[in-house]
Amino acid sequence: MKTCLIVDDSKVIRMVAKKILQDLEFETQEAADGQEALDACKASMPEAVLLDWNMPVMSGIDYLRELRTLPGGDKPVVVFCTTENDIEHIQEAIEAGANEYIMKPFDSEIIQAKFTQVGLL
Amino acid sequence: MPSGYFAYLHDLLKQRSGLLVTPDKMYLLETRLMPVARKHGYRNLQELVDAMVAVPDEPLTVEVCEAMNTHESLFFRDQAPFEMFQETILPELLKRRAAQRRIRIWCAACATGQEPYSLAMILEQEVKRLEGWKVEIIATDISHSVLERAKEAVFSQFEVQRGLPMQYLVEHFKQEGEYWRLSRAIRDRVRFRPFNLLDDPRPLGRFDVVMCRNVLIYFDMETKTRVLHAISGAMAEDGVLFLGSSESTIGITEDFWPVEAGRGVYKRTDTPPSVAEQMN
């Protein structure tokens, strides 16, 4: 079973994402901000990360930049999932090493489509 | 479950078009019907439905049903056919058509254009190798209104997230409010034409690659056989046909032979290796 770390400061979003990902047969872990996510990755690298952008303590983009410098931090497939829906943010995400980008609102079909695209499914 | 309007549209669509809209397809109502609502001066679907209930309006009802009727279309649907096009078929065509430097592709039921535009984005990526080549993508559909949408090449946020890699989104689309418009360069690679699959396709010319994906399912057996026969007559000897991943020619026609089972890739029967196969 592949693991997916869900990083979002909204508990509701984490719950919805968790349900969708578990249906896609992922083992899920949760983090409420970038720092928590980073700590989780240092303990054990997940195969996938579903990542919000705007969060307290540490943002998604800062987390991603940090993650990519960690040993083994190039491995996780990182998919942003955010309300930031302009070209500039997507471009910035690509440059920081994101693998895909989901613009909220999302549904299970979009998650499934994106995860298939990046080879997680 | 949102209140009144969903139930109303659910019942209307089921009754008029046999279309089943489940609550998890709410976004589909939103993407398809918001343009209709706005056009008539309503701010949201609730206002639209309130108006339809208050004053029965047949033309508006028909418009709502038609807007929902468009066949589903995704960018890079099922991925594999497009990978095969880029990795096997295109290189093979570059070898085999070196004298003519001409490649012709037909998307036989293109709906709102995602399929031909996906191919066009692949061609754009291969632009260096295609220098001096003429590559035509002819995209046809029976519905004029759908073709108009395809030519517009404006897609909702939901549509651009289904199958389209973010790299392509950033490279080829421009954001216009909630919508995304495809670049002129990609749009110009595709020619749209109205065409009924029951008609003779030979006037469209001969094609090296035909995509007729997820459309035969709407036809009865006899029509399927007839349409496939007509398509084979419009294909180059070594041409290749893509059907939907759940469609097959087996038991329908002897005109085609599977190149790769399970991938919906077919060649004409009794012809040399198709462009989906390596020439020895």
Side-chain angles (χ1 to χ4, degrees), chain A residues 8 12-13 15-24 48-53 60-61 64-65 68 76-121, chain B residues 1-2 6 20-32 34 44-45 72-83 86-87 114-115 118 121-122 154-183 245 263:
Chain A
D8 202 304
V12 177
I13 298 280
M15 258 171 54
V16 173
K18 182 177 165 178
K19 170 86 178 66
I20 293 171
L21 287 164
Q22 287 182 345
D23 287 346
L24 296 173
V49 181
L50 189 70
L51 182 62
D52 187 20
W53 191 297
I61 194 83
L64 176 57
R65 291 197 181 104
R68 292 307 192 205
V77 174
V78 176
V79 178
F80 261 106
C81 185
T82 167
T83 48
E84 303 296 344
N85 64 354
D86 54 275
I87 287 274
E88 290 73 24
H89 277 87
I90 303 175
Q91 195 74 58
E92 195 181 346
I94 293 174
E95 280 159 18
N99 299 82
E100 258 304 333
Y101 201 100
I102 293 170
M103 295 174 269
K104 287 176 184 168
F106 62 96
D107 62 5
S108 59
E109 271 184 63
I110 288 178
I111 292 210
Q112 193 170 357
K114 287 286 178 189
F115 273 47
T116 306
Q117 223 173 281
V118 292
L120 283 166
L121 290 172
Chain B
M1 166 87 68
F6 177 78
L20 188 64
V21 184
T22 46
D24 64 312
K25 291 278 164 29
M26 285 286 297
Y27 73 88
L28 205 60
L29 291 177
E30 198 78 23
T31 16
R32 296 278 174 79
M34 267 315 287
N44 52 49
L45 296 189
E72 181 163 86
S73 188
L74 282 76
F75 287 102
F76 298 94
R77 184 167 190 171
D78 301 324
Q79 265 180 322
F82 295 92
E83 284 167 16
Q86 185 164 19
E87 287 158 18
Q114 281 91 331
E115 182 181 87
S118 298
M121 284 185 266
I122 291 174
V154 175
F155 299 95
S156 73
Q157 186 168 299
F158 274 104
E159 287 170 316
V160 298
Q161 297 210 79
R162 302 179 71 209
L164 185 71
M166 65 174 175
Q167 197 67 52
Y168 283 129
L169 180 70
V170 170
E171 270 171 43
H172 302 303
F173 287 79
K174 222 180 102 204
Q175 201 167 13
E176 293 180 1
E178 302 161 48
Y179 293 88
W180 297 79
R181 184 186 293 274
L182 190 57
S183 73
S245 49
R263 270 181 124 181

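Here the structure is a predicted model, which means the values were calculated and not measured.
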Worksheet item: Checking heavy atoms, do the side chain of B:Gln161, its backbone, both or neither come under 4.5 Å from chain A?
Response: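 Both parts, backbone and side chain.
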
Discussion item. At a 4.5 Å cut-off on heavy atoms, which part of B:Phe173 comes close to chain A: side chain, backbone, both, or neither?
Written reply: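 It is the backbone, since no side chain atom gets that close.
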
Practice prompt. Not counting sequence neighbours, which residues clear ring-ring contact (aromatic ring centres under 6.0 Å, His included) with B:Tyr179? List them please.
Written response: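 With neighbours one apart ignored, the set is empty.
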
Practice prompt. List in chain and number order the residues that pass ring-ring contact (aromatic ring centres under 6.0 Å, His included) with B:Phe158, two or more places apart in sequence or in another chain; answer none if no residue qualifies.
Written response: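 B:Phe158 satisfies ring-ring contact (aromatic ring centres under 6.0 Å, His included) with B:Tyr27 only.
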
Worksheet item: Mind checking which of residues 76-86 of chain A sit less than 4.5 Å from chain B, heavy atom to heavy atom?
Response: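 Interface residues of residues 76-86 of chain A: A:Asn85, A:Asp86.
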
Worksheet item: Thinking salt bridges, do A:Glu92 and A:Arg65 make one under a 4.0 Å N-O criterion?
Response: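 Salt bridge flag = yes for A:Arg65 with A:Glu92.
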
Item to complete: State which residue, out of B:Gln114, B:Glu115, B:Met121, fulfils the side-chain contact (heavy atoms from CB on, under 4.5 Å) condition with B:Phe76.
Response: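 For B:Phe76, the side-chain contact (heavy atoms from CB on, under 4.5 Å) check succeeds only for B:Met121.
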
Worksheet item: Only one of B:Tyr168, B:Phe155, B:Trp180 forms a ring pair (Phe, Tyr, Trp, His ring centres under 6.0 Å) with B:Phe75, so which one is it?
Response: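 Of all the options given, the one that passes is B:Phe155.
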
Show me the donor-acceptor pairs within less than 3.5 Å that the side chains of residues 112-121 of chain A make with the rest of the protein, sequence neighbours left out.
unit_1   : atom_1 : unit_2   : atom_2 : d
A:Lys114 : NZ     : A:Glu100 : OE1    : 2.8
A:Lys114 : NZ     : B:Leu164 : O      : 3.1
A:Thr116 : OG1    : A:Gln112 : O      : 2.6
A:Gln117 : NE2    : A:Glu100 : OE2    : 2.7

Discussion item. Are there over 12 heavy-atom neighbours, none belonging to A:Lys18, within less than 6.0 Å of that residue's NZ?
Written reply: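 Count not over threshold, so no.
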
Worksheet item: So which of B:Val170, B:Val160, B:Leu169, B:Asp24 has the largest heavy-atom pair count under 4.5 angstrom toward chain A?
Response: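 Winner by heavy-atom pair count: B:Val170.
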
